[in-house]
Amino acid sequence: MNDSFFNVMTFQGLIHTLQHFWAKNGCLIAQPLDLEVGAGTFHPASFLRAIGPEPWRAAYVQPSRRPTDGRYGENPNRGQHYYQFQVIIKPSPDNIQTLYLDSLRSLGIDPLIHDIRFVEDNWESPTLGAWGLGWEVWQNGMEISQFTYFQQVGGLECRPVTGELTYGLERIAMTLQGVDNMFDLVWAKTPFGVITYGEMFKQNEAQLSAYNFEHADVNALLHYFDALEKQSADLITKNLPLPAYELALKASHTFNLLDARHAISVTERQRYILRVRTLTRAVAEAYYQQREQAGFPLLKSEMS
Amino acid sequence: MLDKSQDFLIEIGCEELPPAALEKLAHSLTKQIGIGLDQHRLAHGELQTYATPRRLAVIVRHLLEKQSDILIEKKGPSLENAFDENRKPTKACEGFVQSCGITMNELIEIDSPKGRCVGYRYLEQGKETVTLLPEIVTEAIRELPIPKPMRWGVSDTSFARPVHWVVMLYGKQVVETTILGIHTGDKTYGHRFHHPDPLHIKHVKDYAELLFKQGHVIADLALRQHHITQQIEALLTSELPKAKALISADLLAEVNAIVEWPKAFLGRFDESFLQVPKEVLISAMQSHQKCFPVVHKDNPEQLLPYFVFVSNIDTKDSAAVISGNERVMRARLNDAAFFFEKDKQQTLASYLKDLEQIIYQKQLGSLRDKVQRLSALSKIIAENLREDKQAALRAGLLSKCDLKTDMVGEFPSLQGIMGYYYALHDGETLELATALKEHYQPRFANDAIPASGLGAIVAIADKVDTLVGIIGIGQHPTGDKDPFGLRRAALGILRIVIEKQYDLDLRELFVFALEQYKVPLSNQQVIEDLIQFTFERLRTWYAGSNGKADVFAAVSARNITKPLDFINRLKAVEQFLTLPEAASLSSANKRVSNLLKKSQNSLSAMKVNPALLRETAEKTLEETITKQKIVLSPLIEKGRYTETLSALASLQKPADDFFETVMVMVEDKALQENRLALLNELRNLFLTVADISLLQV
C-alpha cells in the first residue's frame, strides 16, 4: 500500500485513514446502506445493532441525503448529498473520547493547536424513536463530528449503551485541505490527474436540488408515503421487520422530499414524523424479539 | 477551636457536562453536602464550590474530625411504677434496666412532664468524620437535580455525563469508598489537552492552585468568568478601542461553562455582511457560534464587522484558531446573506399563493386558507376595537408569508422578524411591518405581548383561529401533550386582552372564527369546549398568581366570556372579601341559594308583592333592595363591580335581621312564595357580579 492511500489531503485518503484507524481499534468496516437516508444512524448497522444486549463495533461511510440542504451546488458548504463516517461501539468503552481524539490526531489534527471542544448536543431522532446524550465536536468553532451515547432506540432502552461517533467528512476535509469551498476538495490524485469533489458531485447537486425543490411530484409523494406506511406496517404483522424497516426508511425520505417542497406545514410535520416513528418502533420491537428467540448469538460468540 | 479539623474535598471528574446545568449542579452539590454534614452534627467552616465542564467539586473548610458527642437520655417507668412499697424494683423497672444494658446503680431519677420517672443518661461518642463522609456524599449526589441523567457502557450508574474519577480527600487522607461506580482517590486530572496526566493532590488546600498552575484549569466559576470578561475587555481595548462586545449574561454563562482555560480572540468578517439585518447576524453569531457580537461603544445599535470568541486552549498557533473560526463565521454569514438577497427578489405578498402548498393541518386546509381566515378575523377585531380595519386585513394576509422565505427556512426563530424586514423593503407601512414581527407574541411563558395595537389584533386572530381549528377537529391537548401549543395560545389571547384592556367577547370571536372555516368541523360542541378550555387557562393562571380558587369559582359561575370583564369581577370579589360584611353576606347567599333550590316554583316568575310583607325585617330588606337596585344599575352597566359589591355590603344587616326574625317556609303558601321571591331578588343583586355563595369564608 503506498503512502497516498492514507493521504488525508485527499477525500478518499481521509476515509481510508479513518477506516484504518477504527479497524485497528477493533471495528469491522461495514459498507454503506443502499437506500436514501439522512444520516449514518439509519443504517441497520447502527439502528438495529444498537438494540438489545449483543456487543457490536462497526465503522462505515454512509452517503447521506437531506433534500432541504440542497443549494444547487452554489453554496460552498452545503449539499443535499454528503458523506458521514460513522463509528458505532456497544457497549461504549470508557476511553471512547480518547479514541475519538486519537482518530483526529491520526488525521493530523493537533488538539494543542486547534481548539477542540465537546459542546453539549442532545441528539434526538423523532423518526427513529431514538435519543441520546452527547456533544457536537467543534474544531475552531466548526462542528466536525457528533458524539452520542444512545439511551433509547426504537423506543427501547439501550442496555448496554451504544456510543456513536459521526464525522462530517466534507467539513473535516475542508479544514485539512484548507479550502473554503467543498467543491474544491481534492477527492483523489490519480495518475490521470486530480479529481475534485466538484467534478464528482457539482452537477449532481444542481440537478438534484432542482428535483428536490421544484420538480418532485408532491401528489405522487403523498400517495407514495401512504403506500409505504401501509406496507411497512403490514410486513410487521408478517414478522418481517427487516423489509419493514427498509420501507420505513423510504417513507422517511419521502417525507424529507415533501418537506423540501414545503408541502407540509409545521403543524402537519409533527404528525408525519409520528407516523414514521410508529413504524420504526414496531421494527425495533420485532427485531429485538427475533434476536432474543435466536438466543442473542453475538453474546455467545463474545464469550467463546 | 480546640477540636481538630481538616479541609475536605470531593471532586467528581466527568466528560463534558451540559453547560446550562453546570452552575446549578455545582451549587446543589455544595448545598446537599452542607445539609448532610449538619444532619450528622459535623461542624465545619465555609463551603466552596468549583465547577468546570469536566468537574464538580466542593471544599469544606475546617471540617471537624469527629461528630460532637451527644447526651442521650432514656426514660423508664414512673417512680411509683418502678418500685414497689418495699422500694424494690418492679418487673417494669428491671425490664427497662435490661433494655438499656446497664445495672441498677446506673439508674437515675428524671423529671418528665408526666412526673418523676427512672431513666438513664449517657454520652454517645461522636463517630469519626471519615466514616460518615461516604454516606453524606452519596446522599448528596442522589439529590442532585440532573436534568437528563444518562447511562454509559454496561453500567447501571447514571449521571449527567460519564464519570471518570472521584477525589475524596480529608486533609491528606483519601476517604476510601466507591462513588458513582468509581473508587475514590487523590488524583485529579488537568485540562484535557494541556495536562492529560493525573495530578496528585497532596493536600486539600492545594486543590485550586494545583489545577491552575499545573493543570491549566481555572476551577472556580466566578473567577473563570471574571477572566473571560477581563480578557474580552483587554482584547478590545488593544485592538478595537472604539468597540464593545455585546455580552448577554446567558451566553457568557454558557461560554464560561464550556471552558476550563479560556482564551479570548477577535475575529472579523467582511463589512458587506452588515447589509444583512443585524438580528440575523446576531443570532448566527450567538446561537450558532456562541460568539459575542461587537458594537460601537457610543452607539450600541451599530454592529461592527467583528466577533469575539473564547477558546479553551492556549494554542501554539493563534492564527490557525482565528482563521478557523473566521472561516466558520464566513460560511454562516454567507448563507444568511445569500438568503436575504434571494428572498428580496420577490415581494412578501407574492409568497401568499405559495402558502397554498403548505398543509396547515390535513383537515383544516392549507396555510393559505389559514391566513385568509385570520385576516378576516383581524378585520373584525379591529372593527370591534375601532382600529384600522384595512390595515388589519392586510397584516393578517401577510402574516405568514415569510414562512416561505429561505431565511426563515434556515433560521426558524426569525419568523415574523424577517416578515418585518421584507415588508419594509416592499414599502409596506411601518405599522404593518411591526405587526408582522409582533404577532407571534407572546411566544413563551414570560414573553412580552405585542406592543402595537395592530400586532395585538393579528396575534389574537392567529391564536383564535388555531384554537378553533384544532379543537374543532377534536385534537384537545392531553396530559403533557400539547403538540399544537394550544395552552400557550389560549393564555396568549388572555394576556393580550387583559393587559391591553380589550373589551372583547371570546364567544363572539370563536363563533366568528368558526364561520370562517369552509369545511364543517367534526367537533359539534367546539365553542363550548373552547370557552371551557380558555377559561380553564385563566383559572390556572389566576391560581398561579396566588388567586383563590373560591373567588374564581364565584365569578366563573356567571359564565362570563369577556376575559377583561372576568378579571374585573375577580378584583371586585377580592376587594369584597376584605369587607367585614363579606362572611355573613356569603353565608346569607348560601342559605338563600339552598332555600331557592327547594322551591318548586319557577324563580323567574316570582315577584315580590309588597302587600304581603308583614314583618319589619322583611319590609326593611325589601326597601333596601329596591333602593340598591336604583343605585346599582348605572354602576353595573359600567362594569364598576368593586363599587357594586361594596354598596351591596349595606345589605348585610337587613339580610341578617331577616333571617333572625322571619320564617321563610311558613304554612301559608302565598306568604312563603313572597318571601322566596324577596330572597331571590337579594340573590340576583349579588349575582350581577358573582355568585358569592361559593366563597369559602
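For B:V163, no part sits under 4.5 Å from any heavy atom of chain A, backbone or side chain. Residue A:P111 touches chain B through both its backbone and its side chain, counting heavy-atom pairs closer than 4.5 Å. Heavy-atom distances place the side chain of B:Q475, and not its backbone, under 4.5 Å from chain A. Contacts between B:H194 and chain A at a heavy-atom distance below 4.5 Å involve backbone atoms as well as side-chain atoms. Only the side chain of A:Q97 comes within less than 4.5 Å of a heavy atom of chain B; its backbone N, CA, C and O stay farther away. Looking at A:V119, the atoms closer than 4.5 Å to chain B (heavy atoms on both sides) all sit in the side chain, from C-beta outward. At a 4.5 Å heavy-atom cutoff, the contact between B:P18 and chain A is made by backbone and side-chain atoms alike. There is no contact between B:F309 and chain A, counting heavy-atom distances below 4.5 Å. The part of A:R261 that comes within reach of chain B is its backbone (N, CA, C, O), which places non-hydrogen atoms under 4.5 angstrom from that chain. Contacts between A:I116 and chain B at a heavy-atom distance below 4.5 Å involve backbone atoms as well as side-chain atoms. Neither the backbone nor the side chain of B:P147 comes within less than 4.5 Å of any heavy atom in chain A.
B:I358 is not listed as a side-chain neighbour of A:E268, based on a closest heavy-atom distance of 4.5 Å or more. Between A:L133 and B:K148, the closest side-chain pair of non-hydrogen atoms falls below 4.5 Å. When side chains are defined from C-beta on, B:R192 counts as touching A:F118, because their heavy atoms get closer than 4.5 Å. Contact annotation: the side chain of A:V161 never approaches that of B:M150 to less than 4.5 Å [non-hydrogen atoms, C-beta and beyond]. Put simply, the side chain of A:R117 does not reach to within 4.5 Å of the side chain of B:K290, judged on heavy atoms.
Between chain B and the residues A:T68, A:L101, A:V218, the largest count of heavy-atom pairs under 4.5 Å involves A:L101. Between chain A and the residues B:C291, B:A257, B:P19, the largest count of heavy-atom pairs under 4.5 Å involves B:P19. Per-residue heavy-atom pair counts under 4.5 Å with chain B were compared for A:G134, A:P76, A:G163, and the maximum is reached by A:G134. Each of B:D317, B:I322, B:D354, B:N312 has some count of heavy-atom pairs under 4.5 Å with chain A, and the biggest count is that of B:N312. Among the candidates B:R327, B:Q289, B:R332, B:K263, the residue making the largest number of heavy-atom pairs closer than 4.5 Å to chain A is B:R327. Note: B:S311 leads B:S311, B:P162, B:A20, B:G324 in heavy-atom pairs under 4.5 Å with chain A. In terms of heavy-atom pairs under 4.5 Å with chain A, the best-connected choice from B:N334, B:T466, B:I258, B:D314 is B:I258.
Identified by a heavy-atom distance below 4.5 Å to chain A, the contributing residues of residues 406-414 of chain B are B:E410, in residue-number order.
The two residues B:G153 and A:P160 have their closest heavy-atom pair at O-CB, 3.3 Å. For the residue pair A:G141 and B:V328, the shortest heavy atom distance occurs at O-CG1, 3.6 Å. Nearest heavy-atom pair across A:S92 and B:W152 is OG-C, 3.9 Å. Residues B:T315 and A:I113 approach most closely at OG1-O, 2.6 Å, considering heavy atoms.
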Residues A:R159, B:D156; criterion salt bridge (charged side-chain N to carboxylate O under 4.0 Å, His left out); working and verdict: CA-CA 9 Å; A:R159 284 182 194 269; B:D156 271 332; 2.3 Å; yes
Working for side chain to side chain contact (heavy atoms under 4.5 Å, CB included), residues B:F484 and A:Q270: CA-CA 9 Å; B:F484 303 103; A:Q270 194 57 25; over 6 Å; no
Assess whether side chain to side chain contact (heavy atoms under 4.5 Å, CB included) is satisfied between B:R330 and A:D180, documenting all intermediate values. CA-CA 9 Å; B:R330 194 156 59 234; A:D180 273 352; 2.8 Å; yes
Are B:R151 and A:E157 close enough, and set up right, to give a salt bridge (charged side-chain N to carboxylate O under 4.0 Å, His left out), and what steps lead you there? CA-CA 10 Å; B:R151 291 174 291 102; A:E157 286 287 302; 3.0 Å; yes
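For the atom pair B:S323 OG and A:N140 CG, the distance stands at 7.0 Å (nearest 0.5 Å). The CD atom of B:E356 sits 15.5 Å away from the NE2 atom of A:H262 when rounded to the nearest 0.5 Å.
Side-chain atoms of B:D335 and A:N75 form a donor-acceptor pair, as typed in the model, at a separation below 3.5 Å.
Under a 3.5 Å cut-off, the side chain of A:R271 and the backbone N or O of B:Q361 do not form any donor-acceptor pair.
Residue B:V154 forms a side chain to side chain contact (heavy atoms under 4.5 Å, CB included) with just one option from A:P55, A:P91, A:P53, and that option is A:P91. Applying side chain to side chain contact (heavy atoms under 4.5 Å, CB included) to A:E120 and the options B:R161, B:E254, B:E16 leaves one that passes, B:R161.
We find that B:K316 and A:D110 are joined by a salt bridge, their nearest charged nitrogen and carboxylate oxygen being less than 4.0 Å apart.
Few gaps surround NE2 on B:H183; more than 12 heavy atoms of other groups in view lie less than 6.0 Å from it.
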